[in-house]
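What follows is a single structure, written as structure tokens, with notes after it.
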Protein chains: 2
Amino acid sequence: MIRLSKLTDYAVVILSFMARDSTKVRAAMELASATGIALPTVSKILKLLLNAKVLISTRGAKGGYALAKAPEKITIASVISALEGPIALTECSISQQGCEQASGCEIRGNWGLINQTIHNALESVTLADMNIPVRAQNSAWQNEILIPVASLYR
Amino acid sequence: MIRLSKLTDYAVVILSFMARDSTKVRAAMELASATGIALPTVSKILKLLLNAKVLISTRGAKGGYALAKAPEKITIASVISALEGPIALTECSISQQGCEQASGCEIRGNWGLINQTIHNALESVTLADMNIPVRAQNSAWQNEILIPVASLYR
DNA sequence: TAATTGAGGACTATTCTAGTCCTATTTAAC
DNA sequence: GTTAAATAGGACTAGAATAGTCCTCAATTA
């Protein structure tokens, strides 16, 4: 399974909650009780999102966190990279240092295609999308997806 | 970063090597020295791929492993799920047990959209694609990608 | 029957992740 | 001005997951 860390999952939950009233400033404490996630953990996540400029913060009494942009402009890709760094499936796709395998390394570049596809997918979904209830959309939307990566070669 | 385990990465390297002469039967030992991956590790990976029916095996002297299908028919998705189980980003997307968060769980279904998109991306790339040298394709192919997940809602 | 090779599983060490906690800094309200 | 309410930033710990190794059994061929 391709894994996303729990923290990232929590982050999306927290942000989705914030997106419901997207201009409101909320204290870490408030977010913790609203989402059921422990305060220190929420705090840690908020700091990461702050560094990535997904959130803005106000210190002091009555301070708290708020979304830095409209929910429609916050992509899932940006949330993931805030918590986990660059989006890529393999080590080699990130670090430029050549890998040590004796052969098979021509493959590396091709991972890039896959990474890019996944990145595009995550870039196309925003926080605003996450709050919309799921409808009977599954059969329809699958057919609309069009990813001609492989077909480029043929 | 969305992570794929090292074993999965190795698996793709091994399979790509095998795909170059796709009907040949190769011993684990041979694959280990060809790829530079330690024999016990190669062995472990081959067993997983065998269970997932990506490979077929022959026991005994002159035995070894071979691809169960043509490289064009072995998708990256099938390789990943052979080594890591079902492809999904979050725990909840796999296990049906309701999550314990106090709120925010309407989100779950929406992860499904993202998971499906990624799955489709991985399904569209095969072993055969991985062996083709990377060309000056980046500018062109990015524009061809079309993932209207978000647009479905608008 | 001996040599070669896979099958299956147990086991260990290390790395990574999740989660907690402490102290300093900033701001608002009284 | 002082106190209380918040964030900022980092250090730290326990637990889980991963990578990797090893051992014994089964099957096939020469």
Side-chain angles (χ1 to χ4, degrees), chain A residues 1-14 18 24-33 35-66 68 80 82-85 89-91 94 100-101, chain B residues 1-14 18 24-33 35-68 80 82-85 89-91 94 99-101:
Chain A
M1 156 178 120
I2 300 180
R3 234 191 50 239
L4 225 48
S5 75
K6 271 193 192 175
L7 291 189
T8 305
D9 195 7
Y10 293 162
V12 174
V13 172
I14 293 169
M18 295 179 79
K24 199 169 175 186
V25 172
R26 300 169 196 271
M29 186 63 188
E30 181 188 353
L31 293 169
S33 54
T35 58
I37 302 166
L39 176 59
T41 303
V42 168
S43 217
K44 183 178 188 173
I45 293 166
L46 292 172
K47 285 169 200 168
L48 288 167
L49 292 171
L50 182 70
N51 287 334
K53 301 195 197 324
V54 173
L55 296 178
I56 50 178
S57 69
T58 324
R59 283 190 172 196
K62 303 247 170 168
Y65 296 88
I80 292 176
L83 279 106
E84 320 204 22
L89 292 175
T90 58
E91 294 290 338
I94 296 178
E100 299 132 18
Q101 308 307 338
Chain B
M1 151 179 126
I2 300 180
R3 235 190 50 240
L4 225 49
S5 75
K6 272 193 193 176
L7 292 190
T8 305
D9 195 7
Y10 293 162
V12 174
V13 172
I14 293 169
M18 294 179 80
K24 199 169 174 186
V25 172
R26 299 169 196 272
M29 185 63 186
E30 181 188 352
L31 293 169
S33 52
T35 59
I37 303 164
L39 176 59
T41 304
V42 169
S43 218
K44 183 178 188 173
I45 293 166
L46 292 171
K47 284 169 200 166
L48 288 167
L49 292 170
L50 182 71
N51 286 336
K53 300 197 199 323
V54 172
L55 296 179
I56 49 177
S57 69
T58 324
R59 283 189 174 193
K62 303 246 171 173
Y65 296 89
L67 299 181
I80 292 176
L83 279 105
E84 319 203 23
L89 292 175
T90 59
E91 294 290 339
I94 296 178
C99 77
E100 299 133 17
Q101 306 308 337

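Everything quoted here is computed from the prediction, not taken from an experiment. Any value given below was found using the heavy atoms of this structure, including those in side chains, with hydrogens, waters and symmetry copies removed.
Distance CD1 (B/I80) to P (D/dT18): 14 Å, rounded to an integer number of Å. Distance NZ (A/K6) to C1' (C/dC16): 14 Å, rounded to an integer number of Å.
At the phosphate of D/dG20, OP1 or OP2 sits under 4.0 Å from a side-chain N or O atom of B/Y10. A sub-4.0 Å separation between OP1 or OP2 of C/dT20 and a side-chain N or O of A/T41 is present. At the phosphate of C/dT5, neither OP1 nor OP2 sits under 4.0 Å from any side-chain N or O atom of B/S57. Distances shown here put every side-chain N or O of A/S43 at or beyond 4.0 Å from the OP1 or OP2 atom of D/dT7. Under 4.0 angstrom from either OP1 or OP2 of C/dT5 there lies no side-chain N or O belonging to B/T58. For B/R3 and C/dT17, the shortest distance from a side-chain N or O to OP1 or OP2 is below 4.0 Å.
On a pure distance criterion of 3.5 Å, a polar donor-acceptor pair joins the side chain of B/K44 and the base of D/dG20.
Backbone-only contact: A/L50 has heavy atoms under 4.0 Å from sugar-phosphate atoms and none from a base.
Ranked by how close their nearest DNA chain C nucleotide is to the 5' end, A/R59 and A/A38 are led by A/A38. Nearest-nucleotide positions on DNA chain C place B/Y65 closer to the 5' end than the other of A/K62 and B/Y65.
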**OP:** Could you please spell out the steps behind the side chain to side chain contact (heavy atoms under 4.5 Å, CB included) verdict for A/T41 and A/L7?
**Re:** CA-CA 8 Å; A/T41 303; A/L7 291 189; 3.9 Å; yes
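Of all nucleotides listed (D/dG10, C/dG8, C/dG6), C/dG6 comes nearest to the side chain of B/A28. Across D/dG9, C/dT4, C/dT27, the shortest atom-to-atom separation from the side chain of B/A61 is found for C/dT4. The side chain of A/L7 approaches C/dG19 more closely than any other nucleotide in the set C/dA7, C/dG19, D/dG20.
Taking CG of B/L55 as the reference point, atom CE of B/M18 lies at 5.0 Å (rounded to 0.5 Å). Between the CD atom of B/E30 and the OG1 atom of B/T35 there is a distance of 10.5 Å, given to the nearest 0.5 Å.
B/D9 places none of its side-chain heavy atoms less than 4.5 Å from the side chain of B/L4. Counting heavy atoms from C-beta on, the side chains of B/T8 and B/I45 never come closer than 4.5 Å.
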